[in-house]
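Here is the naming used below: chain letters follow the sequence lines, and residue numbers restart at 1 for every chain.
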Amino acid sequence: MDIQKTVENKKLTIVLSGRLDTTTAPQLEEEMKASVDGIEELYFDFAELEYISSAGLRVLLTAQKIMNAQGKMVIRNVNETISEVFEITGFADILTVE
Amino acid sequence: MLKEITLDATIENIGTVSAFVDEELESNDCPMKAQMQIDIAIDELFGNIAHYAYPEKDGEATVKVDFSENPAAVIITFIDSGIPYNPLENADPDITLSAEERAIGGLGIFMVKKQMDKMTYEYRDNKNILTIIKNF
């Protein structure tokens, strides 16, 4: 999975390409740990993300909890498969998806 | 035509299983969305076998892929000789809980149950046999 990060003041944007699953979720977790201190706005762009498994949801949940305390988190450009996963699992109510 | 692969049940091999199944799905014109949902199922189910089936040492798992015509569907079976475990007995997670209250346990199986058309389990000849069916 490809991870592209951009930081502008207290805004962090993460663009993911590929799949967020058991194999790649640890990678995102590492990136998050390294970058999230002091960040008030976290934006995820999922335009190039094919799908997400429960391992990926785990990392997103951790990120959401961190950002609930620091500011806000928004996920953009989810495809139909990912949108349905969020609905089925109730994550649509926990995450902010635009 | 039934195709199968037997390999070590490790996290590293999830990709190998997905590639094997994806090739069969593409040759049978499986729609993209169904393919992605099946890839998610493989990540969850093979991942569970890799994590939990063989606590003492490594073990193997077999994945079989077959297709039916009426209705058009793919049938994927996961077989392992590890600890007897029926994932269908898992209680569904409470999906109404807030971020602070949420647990992740059980979410994977729940996602597979919701995205596949059918999921069955049996324990036979000392093997866990888990079958998922996706219509397309």
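- Hydrophobic clustering, with ILVMFWY side chains joined whenever heavy atoms are under 4.5 angstrom apart, groups B:Phe78 together with B:Val65.
- With a 4.5 Å cut-off between side-chain heavy atoms of Ile, Leu, Val, Met, Phe, Trp and Tyr, the cluster of B:Ile129 takes in B:Ile79.
- Summarising the hydrophobic clusters (Ile, Leu, Val, Met, Phe, Trp, Tyr; side-chain heavy atoms under 4.5 Å, direct or chained), the residues clustered with A:Val74 are A:Tyr43.
- Residue contact with chain B, scored on non-hydrogen atoms closer than 4.5 Å, involves the side chain of A:Leu61 exclusively.
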Any idea which donor-acceptor pairs are under 3.5 Å between chain A and chain B?
{"residue": "A:Arg19", "atom": "NH2", "partner": "B:Asp39", "partner atom": "OD2", "Å": "3.4"}
{"residue": "A:Thr22", "atom": "N", "partner": "B:Asp43", "partner atom": "OD1", "Å": "3.2"}
{"residue": "A:Thr22", "atom": "N", "partner": "B:Asp43", "partner atom": "OD2", "Å": "3.2"}
{"residue": "A:Thr22", "atom": "OG1", "partner": "B:Asp43", "partner atom": "OD1", "Å": "3.3"}
{"residue": "A:Thr22", "atom": "OG1", "partner": "B:Asp43", "partner atom": "OD2", "Å": "2.7"}
{"residue": "A:Ser53", "atom": "OG", "partner": "B:Asp43", "partner atom": "OD2", "Å": "2.7"}
{"residue": "A:Ser54", "atom": "N", "partner": "B:Glu44", "partner atom": "OE2", "Å": "2.5"}
{"residue": "A:Ser54", "atom": "OG", "partner": "B:Glu44", "partner atom": "OE1", "Å": "2.6"}
{"residue": "A:Ser54", "atom": "OG", "partner": "B:Glu44", "partner atom": "OE2", "Å": "3.2"}
{"residue": "A:Glu80", "atom": "OE2", "partner": "B:Lys33", "partner atom": "NZ", "Å": "2.7"}
{"residue": "A:Glu84", "atom": "OE1", "partner": "B:Lys33", "partner atom": "NZ", "Å": "3.4"}
{"residue": "A:Glu84", "atom": "OE2", "partner": "B:Lys33", "partner atom": "NZ", "Å": "2.5"}
{"residue": "A:Thr89", "atom": "O", "partner": "B:Arg102", "partner atom": "NH1", "Å": "3.0"}
{"residue": "A:Thr89", "atom": "O", "partner": "B:Arg102", "partner atom": "NH2", "Å": "3.1"}

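- For A:Ile52, the part lying under 4.5 angstrom from a heavy atom of chain B is the backbone only.
- Following chains of ILVMFWY side-chain contacts shorter than 4.5 Å, one can reach A:Val97 starting from A:Leu42, so the two form part of one hydrophobic cluster.
- Using a 4.5 Å heavy-atom threshold, the side chains of A:Ile88 and B:Phe110 count as touching.
- Both B:Phe67 and B:Ile42 are part of a single hydrophobic cluster, where members link through side-chain heavy atoms under 4.5 Å apart.
- There is a path of hydrophobic side-chain contacts, each under 4.5 Å, that joins A:Val7 to A:Met32.
- In this structure, A:Lys11 has no salt bridge (Lys or Arg N to Asp or Glu O under 4.0 Å) partners at least two apart in sequence or on a different chain.
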